[in-house]
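One structure is given below, encoded as structure tokens.
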Amino acid sequence: MANLKELSQREVKFTAGHRACAGCLPAVALRQVTLSVNYPCVVGFATGCMEVVSTIFPYTAWKVPYIHVAFENVAAVMSGVESAYKALKKKGKIDEEIKIIAFGGDGGTYDIGFQALSGMAERGHDVLYICYNNEAYMNTGIQRSSATPFAAQTSTTPVGAVEFGKKQFPKDLTQIMAAHGIPYVAQASVHNWKDLNMKVEKALSIKGPKFINILAPCTLGWRYPAEKGIEIAKLAVETCVWPLYEVENGKYKINYKPREKKPVVEWLKLQGRFSHLFKPENQHLIDEIQKEVDRRWTRLLELAGA
Amino acid sequence: MKVKALTGNEAVAEAMRQINPDVVAAYPITPQTELMHKFTEFVADGLVDTEMILVESEHSALSATVGASAAGARAMTATSSQGLALMWEILYIAAGLRLPIVMAVINRALSAPINIHGDHSDTMGARDSGWIQIFSENSQEAYDNTIIAVRIAEHPEILLPVMVTMDGFIISHTMERVEVLDDEVVKSFIGEYNPKYKLLDVKNPVTFGPLDLQDYYFEHKRAQAEAMENAYKLIREIDEEYYKISGRKYAYVEPYEIDDAETVLISLGSTAGTIKDVVDELRLRGMKVGALKIRVYRPFPRDEVKEYLSNASVVGVMDRSIAFGSVCGPVCLDVKAVLQGTKMANLPVVNYIYGLGGRDISPKDIEKIFFELEKVKITGEVPNLPRYVGVRGEEDYVGEKKGFKIKN
Ligand SMILES: Cc1ncc(C[n+]2csc(CCOP(=O)(O)OP(=O)(O)O)c2C)c(N)n1
Ligand code: SF4
Ligand SMILES: [Mg+2]
């Protein structure tokens with residue numbers, strides 16, 4: 001595992017000067033992930049905020065080979081890149097070891113790109129897929145996705161006289177990817193660079209499909225002051241809304257167990273998208289969220305035999 | 001050179017075996033399935049070096065092909081109908097990224113109602129997507145066109161994806177005599193693929209597919225149109241080279257008995273063969289009829305069409321698809337467009353829509369079309385809407401109305 005000093009001295013693959021919002025944590029996630037990749041690599045992107053902010057002809061923030069094709073197909077595109085790599089390597093046209101990495105937002109991963117991702121995983125391509133999860137379709141103006149939390153307010157789940165925001169709990173994609181039986185699946189958070197770095201390094205040392213789901217708060221969509229992002233990401237882990245864990249060859253390991261599990265309201269109260277929950281008549285929604293977080297956490301503890 | 005008995009699907013699979021692409025990604029759909037069965041047999045027997053990706057959809061088939069091509073590999077795929085429709089989004093991207101992908105399209109009708117048989121609705125829906133489109137009349141042409149397509153796509157002044165089509169079942173499943181080149185001859189004809197920019201060239205990183213807004217997008221699209229123009233100029237040179245290795249001469253269009261023909265019938269694909277037979281028949285009866293087959297449909301062979309119609313008195317255009325809400329079928333629209341502004345602007349052009357969902361087109365039907373065109377030539381009365389051939393409830397040229405009754 002690289003230490004902070006080493007990481008800081010590595011050649012930057014994703015440079016500054018891109019057009020993400022101030023305080024954009026998906027952009028920080030990209031920087032952390034790419035710094036952890038100590039190999040030549042090819043990067044593929046699904047349409048979304050990070051794709052849009054990182055290139056605009058004739059500029060690019062990418063110092064490594066990069067491709068963007070469409071919203072729902074980055075896993076398929078990178079399956080093709082990986083197959084090309086295998087073919088060209090076999091022919092002796094390439095000799096270096098190159099890592100193939102796909103990035104998608106939660107929309108491009110949980111929803112529209114899910115089929116392609118599932119296909120890539122099932123076929124066993126040697127690709128690291130990273131989902132930067134900012135819990136909604138931010139690029140198109142903060143619409144709900146299947147990763148959006150219960151009761152969150154988005155542009156398509158507005159709070160109104162008869163509605164309280166999103167009606168469903170988020171799909172547990174990390175578990176779904178683990179159910180594919182691929183060699184490595186992990187959940188990480190942008191506030192814990194050490195854990196994230198360890199997971200990326202480990203994933204890249206394993207052959208076959210790998211999936212890392214990184215929680216990455218978005219100032220615009222979650223509605224918090226730019227400087228609060230890391231704190232909010234940390235609270236997601238401290239409240240067990242977003243546990244840090246790995247599934248390596250089917251074996252679960254919880255990477256961080258809060259000494260004292262914080263109540264979910266600590267996380268909710270810092271975000272404008274949940275502000276309506278703090279009206280007295282909505283207390284039951286907070287209770288429901290707490291219940292679901294507890295249920296998922298207990299299940300994870302069981303899976304990890306902890 | 002060997003002579004083999006091959007279906008259209010097998011002929012293309014054979015061409016693909018000889019091309020030996022680095023990557024093939026495909027998803028099954030009738031009538032393309034047999035092609036992929038054959039090709040995966042070649043993979044299983046180690047007869048090709050191809051990395052075969054058996055994807056979970058056609059959207060992913062073309063996406064993976066795009067990824068492989070951008071990575072620096074020679075990449076191919078094949079599909080039909082709904083599969084092509086599902087690829088639609090990525091068709092435009094493959095062309096916009098200027099990736100020299102070759103795809104076999106085994107033409108089939110589009111749903112609804114669902115139908116697995118041959119017509120051109122699928123390919124016609126992609127005619128303006130930026131792909132070069134080459135239609136094949138028979139298995140031999142499907143084989144030859146597939147090999148030629150690799151050179152067209154990869155030409156540095158073209159760099160556009162190419163669709164090679166054949167009519168579903170009519171060609172794809174019909175066993176014919178096919179002359180197959182020697183493997184070595186094909187190998188040296190297509191050469192090594194070595195693109196200028198490739199993702200896997202990690203020492204020279206490039207960005208593929210950046211955001212491109214009001215300030216540059218238009219220039220890139222304009223350049224893409226120029227690439228299509230280059231294709232129009234250069235395909236003939238590649239055809240000429242192919243002639244040298246195969247003895248088979250191809251051109252953008254194939255005229256048949258056209259020099260003194262007063263009545264000319266234009267078509268694409270397998271129907272051209274039937275039309276040639278009917279032309280022979282009618283010529284024996286003293287009628288001055290001829291035919292023009294369009295092989296390269298995109299880029300549209302505007303000069304060739306004009307040239308070969310310059311002596312005609314009346315023209316019929318066969319469309320195996322409907323352009324709903326348009327004034328005529330897509331091929332007819334193109335033919336009419338090239339005649340505009342020329343001395344042939346008033347040449348009577350009649351559109352015939354036929355063969356949808358694999359409906360057979362018989363020599364008798366084509367004969368009737370020629371007779372109707374003769375009538376148009378004499379009376380000068382030109383039907384201004386498409387005529388539907390061989391469909392219940394339509395009046396044919398002698399004014400008979402075919403019954404609506406559907407017999408089991
Ligand atoms: C086929 C298709 N449908 C819709 C869109 C519009 N679109 C572009 S990005 C996007 C949302 C991206 O959301 P996500 O993947 O979560 O990434 P984020 O922007 O949040 O980082 C949508 C809906 C598209 N580009 N393509
Ligand atoms: S909208 Fe959110 S995800 Fe997008 S650039 Fe801004 S902070 Fe980042
Ligand atoms: Mg998102």
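The sequence lines fix the lettering, A, B, ..., with proteins before strands; numbering per chain opens at 1.
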Portion of B/Thr65 that has a non-hydrogen atom of chain A nearer than 4.5 angstrom: neither
Donor-acceptor side-chain pairing of B/Asp212 and B/His220 below 3.5 angstrom: yes
Most contacts with chain A, counted as non-hydrogen pairs under 4.5 angstrom, among B/Ser60, B/Ala94, B/Gly67: B/Gly67
Between A/Ser79 and A/Arg123, a side-chain donor and acceptor under 3.5 Å: yes
Chain B contact via A/Glu96 - which portion, at a heavy-atom distance below 4.5 Å: side chain
Residue among B/Gly96, B/Ala25, B/Pro210, B/Ala70 with most heavy-atom pairs under 4.5 Å to chain A: B/Pro210
Side-chain donor-acceptor contact under 3.5 Å, B/Glu157 with B/Asn230: no
Proximity breakdown for B/Leu213 and chain A, heavy-atom pairs closer than 4.5 Å: side chain
Residue part contacting chain A, namely of B/Tyr193, when any heavy atom lies under 4.5 Å: backbone
A/Ser118 and B/Glu56: side chain donor to acceptor below 3.5 Å: no
B/Ile90, part contacting chain A, at a heavy-atom distance under 4.5 Å: side chain
Greatest number of heavy atom pairs closer than 4.5 Å to chain B - which of A/Ile98, A/Ile56, A/Thr60: A/Ile56
Options A/Lys91, A/His125, A/Glu122, A/Met78, ranked by heavy-atom pairs under 4.5 Å with chain B, top entry: A/Lys91
Proximity breakdown for B/Asp201 and chain A, heavy-atom pairs closer than 4.5 Å: backbone
When B/Leu97, B/Val66, B/Val55 are compared by non-hydrogen pairs under 4.5 Å with chain A, the top option: B/Val55
Cation-pi check, A/Lys210 onto A/Tyr184 ring (under 6.0 Å, within 45° of axis): no
Pair A/Arg144-A/Gln168, side-chain donor/acceptor within less than 3.5 Å: yes
Chain B contact via A/Lys63 - which portion, at a heavy-atom distance below 4.5 Å: backbone
Contact origin within B/Glu219 toward chain A - heavy atom pairs under 4.5 Å: neither
Chain A interface, residue from B/Leu200, B/Asp22, B/Ile93 that has the most non-hydrogen pairs under 4.5 Å: B/Leu200
Top contributor to chain B interface from A/Val74, A/Val69, A/Ile100 [non-hydrogen pairs under 4.5 Å]: A/Val69
Side-chain H-bond candidate by donor/acceptor type, B/Thr79 with B/Gln32, under 3.5 Å: no
Portion of B/Lys198 that has a non-hydrogen atom of chain A nearer than 4.5 angstrom: neither
Proximal component of B/Val206, with respect to chain A [non-hydrogen, under 4.5 Å]: backbone
Under 4.5 Å from any heavy atom of chain A - which part of B/Leu199: both
Portion of A/Val52 that has a non-hydrogen atom of chain B nearer than 4.5 angstrom: both
Contact summary for B/Ser80 and B/Thr30, nearest pair of heavy atoms: CB-O, 3.8 Å
Side-chain H-bond candidate by donor/acceptor type, A/Tyr137 with A/Asp111, under 3.5 Å: yes
Distance-only polar pair, side chains of A/Trp62 and A/Ser54, donor-acceptor under 3.5 Å: yes
Parallel, tilted or perpendicular: ring planes of B/Trp88 versus B/Tyr92, cut at 30 and 60 degrees: tilted
Contact leader toward chain B among A/Met120, A/Glu82, A/Glu72, where contacts are heavy-atom pairs under 4.5 Å: A/Glu72
Side-chain H-bond candidate by donor/acceptor type, A/Asn213 with A/Tyr110, under 3.5 Å: yes
